[in-house]
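Atom set for the values below is all heavy atoms of this structure, side chains included, hydrogens, waters and symmetry mates excluded. From a predicted model like this one, the values you see are computed outputs, not experimental measurements. As the structure lists them, so they are numbered: ligands from 1, and atoms in each ligand from 1.
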Amino acid sequence: MGFWKTWFSTPEAVATTKTTPFEEHTAETAGNSSPGSDTSGTGRSAERIVFSTDRDIDLYELEELCDAVGWSRRPLRKVKKAIEHSFLVASMWQIRGNQKRLIGFARATSDHAFNATIWDVVVHPDFQGQGLGKSLMKYVLKKLRSEEISNVTLFADPHVVDFYRTMGFMPDPEGIKGMFWYPH
Ligand SMILES: CC(C)(COP(=O)(O)OP(=O)(O)OC[C@H]1O[C@@H](n2cnc3c(N)ncnc32)[C@H](O)[C@@H]1OP(=O)(O)O)[C@@H](O)C(=O)NCCC(=O)NCCS
């Protein structure tokens, strides 16, 4: 029971973490965004960062983004299926004039009621270290919270545990262990 109490209190803790400049700008420009997307950015009209939940993502562009951070390639037909069957797909774009570039991605699977698990969080190396990964995660958490999902989990690579920790994620809350099964 204590375990669930801990998890249900996590998103509020996330909501109180410090706001990045990108999100402040999001609030200012939200009225200008197209349906299904939220805008944020550098404050220069020529260049903006846009967040979207649109699933219509060019799989080759997504593959390029994943290549850029050194992830192993996955069959595109399976990536397509995973996107189609995800509960939430979040993407982050750099907009320059009428050109847009995919610079970040994350998705979540869910039981649509209590639980969601976040997968494939990635920010292009050219855009890392500017608070955008955190903005992307806050965007995902905001969307999940708006669907009344309160128990959010993810599997962190060892080198990014502290990245997630800054947003209120806890490893092994109350001793709970993630367990894995792989085919032999
Ligand atoms: C992990 C990743 C998404 C972070 O994106 P980012 O845009 O560089 O992160 P941010 O600039 O928003 O950083 C947010 C905070 O996390 C910290 N942080 C970022 N990357 C970190 C890392 N690898 N380890 C520890 N802390 C990290 C930052 O210092 C910052 O802390 P602050 O809020 O105290 O200033 C990005 O580095 C990435 O795509 N990595 C490759 C793919 C990957 O490993 N994904 C995770 C799979 S589980």
Give a yes or no on this: more than 12 heavy atoms of other residues, nucleotides or ligands lie within 6.0 Å of atom CD of E148.
no
Can you find an N or O of V122 that's nearer than 3.5 Å to an N or O of ligand 1?
no
Lys/Arg N to Asp/Glu carboxylate O, K143 vs E147, below 4.0 Å:
no
A student checking ligand 1 against G131 at a 4.0 Å heavy-atom cut-off should list atoms 10 (P), 11 (O), 12 (O)
Any N/O pair V123/ligand 1 closer than 3.5 Å:
yes
Just by distance, no angles: are the side chains of S91 and W93 close enough, under 3.5 Å, to form a donor-acceptor pair?
yes
With respect to atom 40 (N) of ligand 1, which of Q128, M92, H159 exhibits the smallest heavy-atom separation?
Q128
Which atom of D54 lies closest to which atom of S52, heavy atoms considered
N-OG, 2.9 Å
Counting only heavy atoms, tell me which of W71, F105, F163 gets closest to atom 19 (C) of ligand 1.
F163
Which atoms of ligand 1 are found less than 4.0 Å from any heavy atom of F155?
48 (S)
Could you check whether any side-chain N or O of Q128 sits under 3.5 Å from a backbone N or O of V123, counting only pairs where one atom can act as donor and the other as acceptor?
yes
Which ligand 1 atoms, with their elements, are less than 4.0 angstrom from a heavy-atom of K134?
12 (O), 14 (C), 33 (O)
Can you name the atoms of ligand 1, numbered from 1 with element, that are less than 4.0 Å from a heavy atom of V160?
1 (C), 23 (N), 44 (O), 46 (C), 48 (S)
Sorted by chain and number, sequence neighbours left out, salt bridge (charged side-chain N to carboxylate O under 4.0 Å, His left out) with D111 holds for none
G129 heavy atoms within 4.0 Å reach ligand 1 at atoms 6 (P), 7 (O), 8 (O), 11 (O)
Can you confirm, on distance only, whether ligand 1 has an N/O atom lying under 3.5 Å from any N/O atom belonging to A156?
no
Those residues that, when tested against F87, pass ring-ring contact (aromatic ring centres under 6.0 Å, His included) (two or more places apart):
H112
